[in-house]
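Please read these numbers as outputs of a predicted model, since none were measured by experiment. Below, all heavy atoms of this structure are taken into account, side chains as well, without hydrogens, waters or symmetry copies. Naming: A, B, ... by sequence-line order, numbering from 1 per chain.
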Amino acid sequence: MRMSKLFVQTLREYPSDAEVVSHKMLARAGYIRKLTSGVYNYLPLMWRVLKKIENIVREEMDNAGAQELLMPFVQPKELWEESGRWDAYGKELMRLKDRHDRIMCLGPTHEEIITAVARDGLKSYKQMPVNLYQIQSKFRDEVRPRYGLLRGREFIMKDAYSFDTSEEGLDKEYNNMARAYKKIFERCGLDTKMVQSDSGAIGGSVSHEFMVITDTDAGENDVFYCDCGYSANSNHAVSKLPEVVVDGKKYFSETKIVDTPNTHSIDELCEFLSIPSTIILKTLVYIVDKKPVLALIRADKTVEETKLMNSVGGMDIRIASSAEIAELMAEHGFDAVAGFIGPCGMTGIPIVADETVRDMKNFVVGINQTDKHQVGANLSDLGLDEIKYADIRLVEAGDFCPECGKSLKVTKGIEVGNIFKLGTKYSKPMNAVYLDKNGKSHPYVMGCYGIGISRTAAAAVEAHYDEHGIKWPIAIAPYHVVIVPVNIQDELQMKVAEKMYEDLKNAGVEVVIDDRDERAGVKFKDADLIGFPYRVTVGKTINEGLVEYKIRETGDVEKVTPEVAVEHLVEIVKNIK
RNA sequence: CGGGAUGUGGCGCAGCUUGGUAGCGCACCUCGCUUGGGACGAGGGGGUCGCACGUUCAAAUCGUGUCAUCCCGACCA
C-alpha cells in the first residue's frame, strides 16, 4: 500500500470527547470515526485489524471443531417471547417496528435464534455434539455508551453455541472452548486471565470471563485473584474474612434504644457512639425487579448488588430512592429516613442477610425511627419471621482466598471473552429437543461462548501503547511494516525504497511505503501513531548502502543493508502464528 | 434515570458579558522554498454558528423550547 493513497487522516490532537487511551489513539490515528453515540465507522486500517482478529478467532474455532454460520441482525419479537427474554432483557434490547407494524429487535446476542436454528435441524443424538458460531455485528442500546470501542452500542462479536446431550458433554466442550480462547488471545498478543464470573442476563450456572489485565482507566472490572490460581470478577468473588470484633458487649451492657441524632452514615454513627463499624448491622433497601428487598450486612462491608440480586432470583436491581424508602416506611407504619432503617417490623418483604451477620452479637441496628438506634441487639431478639442468609458481600483486597487462605489481590481488567454453561435455560422454554437412542425427547444441553472482536482490538491498544501512539502486536497490526524514504526527491532513496517495497510485497509481507512528499518528522510521527510494528527508514545512510531498521515495541534501531532488512522481515512474518 | 457541561468549516478552539459584514490554529488545494522527529512564506476553497419559535431595524450573541453530544453518579444509608 502507498501511504499517499491510504485512506487515513491522522489528527494533530486527540479528539476532545475521547477519554480512554484506546479511544484517543484509534480516533487520532485515523482508525475510527464516530457516526453517532456508541456507533463507529471502522476505517480501512481498523477494518484490517478487525479482520486479523476475526481470522485468528476463525482458525482457532474451526480447529476446535466449531462450524461457522451467520444469523440475522434483525430478529422477530416472537422468538424472544418464547425464551421469556422479551420482557426480561430491558431497555438495552433495541426494539423497532417494520412497515407492517411487526415488532422486531436488533440482535444483542443470538441465543434465541441459534436455539431456533438447532430446533429446526438438530433432531437426533447422532448429530451431536455440535458447536456453531458466527461473527456478527451486535447492538445493545447501552444506557451510557463510552470509552469508544470498549463500550459502544454497536460492536462486532464472535458468538458460539454448543449443543450436547449431557452435562458431561457440555463440560468437555466448555473446557475445549476455554483452551481455544486461551490460544486466541495469546495469538492476538494479549495477556488474559480466565476468571470466575456471574452469568448475568444470559443466564445459566457456571461462567468465566477472559480479562485483559490493564493499568489504564479503561479496565471496567475489578478482578480478585490469588497466587494459588483463584481469580474471579468482583460480581462473583468470595472470600474468607479477617477476624474482627463482632460482639458489642464490651460497649453495651444491655439492650436499649438510644438517641443518635443526625447519624445518617455509618461513619457518623461510629463516631457518635465511639464504636467500630464491625458491630453495626447495616440495613439497605434495594429494588429488585420493581419490588423492595432488605439487605443486611455488617457495616464495614459493602453489598455486591449482583450477588444480592441472584440470591433472590432477580433480573434487575438498584438501590431504593429516598422516596421509595419513605413509601415503604409508611406502608409499615414507620417514619424513618435512610440511616435509621432496620429489619424489625418489616414484614412481608424479603430480607437477605449476608453471612457476616450470622456471627454478630450485641450489635447496633436501626429501628425505623429517625435519629434513634437500638444498641446491644441480637438477631434472635428482633422477632423477625424469616431471614435468608446468603453471600452478598463485595470482596475487598486483603480478604483471604476462599481456596488457599492467602491474601487476595485486586486488579482492573477488560473483559474480552466469556464462556457460559447455559444448560437447558433456552432449549427448555423454547422446546428445542432431540431424540435419544430410545426415541425419547430431551432439551439440548447448551453452552455459549463469546468474544468481543472490536473490544479485543481496543483492549490490545490499552495494553500496547506509549506516548507516541499504538504499538500493535504484529499478529493483529494493520500492516507489518512501513518503509519511509526520507526524501522522495532523492532518486537513490526512492529506488531502494521501491525495490524493498516490491520485494516485501512479493514475499507476502504487508507493507506500506510512505511515498508522501512530507518532511521526515511528519512521516515518523504518523508511523509511531499508527503503530506499524516495524519501520525501515531509507535516508542519507543509503549512500553507504545502509537503511535503518526500527522495532516499534522496543524502540531498538539497527543499521543494516536493505537485503538484510527484507530478510529479517520475511522471517518475522513467516513466524507469526 | 439524576447531576454537570458543551454544540461555531474535517479536527481543536475564540467570538457571546455589552446584538451590527463569522474568526484563529491544524487539516485541505496552488506556487515557492525546505527535507532525519508534526518547517517556512504567499495565495486559495470550505461554515444555514445544532434545530425551532420569539424579542429586535438587526441575533452566533438575548429569551423560551427542543434535539444532540460528552463528563460524573446511579454501591453502603
Residues passing the salt bridge (charged side-chain N to carboxylate O under 4.0 Å, His left out) test with Glu498(A), sequence neighbours excluded, are Arg2(A)
Per the under-4.0 Å heavy-atom filter, residues of residues 483-494 of chain A near RNA chain B come out as Val486(A), Asn487(A), Gln489(A)
Query raised in the report: Would one find a side-chain N or O of Thr36(A) under 4.0 angstrom from OP1 or OP2 of rU69(B)?
Result: yes
The side-chain hydrogen bond (donor to acceptor under 3.5 Å, both in side chains) partners of Ser454(A) (sequence neighbours excluded) come to none
Sorted by chain and number, sequence neighbours left out, side-chain hydrogen bond (donor to acceptor under 3.5 Å, both in side chains) with Lys372(A) holds for Asp259(A)
Dump the pairs, protein N or O against N or O of nucleotides 40-42 of chain B, anything under 3.5 Å, distances to one decimal.
none

Ranking rA27(B), rA74(B), rG37(B) by distance to the side chain of Arg12(A), first place goes to rA27(B)
Result for 5'-nearest mapping on RNA chain B, choosing between Val303(A) and Lys91(A), is Lys91(A)
(request) State whether the distance check finds a donor on one side and an acceptor on the other, under 3.5 Å, for side chain Arg318(A) versus base rG73(B). (result) no
Using atom types as modelled, flag every donor-acceptor pair under 3.5 Å from a side chain in residues 532-546 of chain A to any protein atom, sequence neighbours excluded.
residue, atom, partner, partner atom, Å
Arg535(A), NE, Thr537(A), OG1, 3.2
Arg535(A), NH2, Glu548(A), OE2, 3.2
Thr541(A), OG1, Leu546(A), O, 2.9
Asn543(A), ND2, Lys540(A), O, 3.0

Readout for nucleotides 2-10 of chain B: B = base within 4.0 Å of protein heavy atom, S = sugar-phosphate only, - = neither; 5' to 3' it is ---------
- Message: Regarding Ala338(A), tell me which of base, sugar-phosphate or nothing describes its non-hydrogen contacts under 4.0 Å with the strands shown.
- Response: base
task: May I ask you to evaluate whether Lys540(A) reaches the phosphate of rG36(B), defined as a side-chain N or O under 4.0 Å from OP1 or OP2?
output: yes
Asn368(A) and Phe340(A), any side-chain heavy atoms less than 4.5 Å apart:
no
Lys301(A) meets the salt bridge (charged side-chain N to carboxylate O under 4.0 Å, His left out) criterion, sequence neighbours left out, with Glu396(A), Asp399(A)
Residues at least two apart in sequence or cross-chain that pass ring pair (Phe, Tyr, Trp, His ring centres under 6.0 Å) with His568(A), listed by chain then number, are Tyr549(A)
Sequence neighbours excluded, the answer for salt bridge (charged side-chain N to carboxylate O under 4.0 Å, His left out) partners of Asp335(A) is none
The answer to which of Val337(A) and Glu518(A) contacts RNA chain B further toward the 5' end, by nearest nucleotide, is Glu518(A)
inquiry  = I'd like to know if Lys525(A) reaches the base of rG36(B) with its side chain such that a donor and an acceptor end up less than 3.5 angstrom apart.
reply    = no
Closest non-hydrogen contact found for Ala457(A) with Trp472(A) is O-CZ3, 3.8 Å
**Prompt:** Would one find a side-chain N or O of Lys34(A) under 4.0 angstrom from OP1 or OP2 of rC70(B)?
**Reply:** yes
With a 4.0 Å limit, can you tell me whether Ser37(A) has a side-chain N or O closer than that to the phosphate oxygens OP1/OP2 of rC70(B)? yes
Look at Ser16(A) and rG12(B) and indicate whether a side-chain polar atom (N or O) is within less than 4.0 Å of OP1 or OP2. yes
Residues at least two apart in sequence or cross-chain that pass salt bridge (charged side-chain N to carboxylate O under 4.0 Å, His left out) with Lys138(A), listed by chain then number, are Asp159(A)
Considering only heavy side-chain atoms of Phe524(A), the closest of rG38(B), rG37(B), rA74(B) is rG37(B)
For residues 29-42 of chain A, the salt bridge (charged side-chain N to carboxylate O under 4.0 Å, His left out) pairs (sequence neighbours left out) are Asp17(A)-Lys34(A)
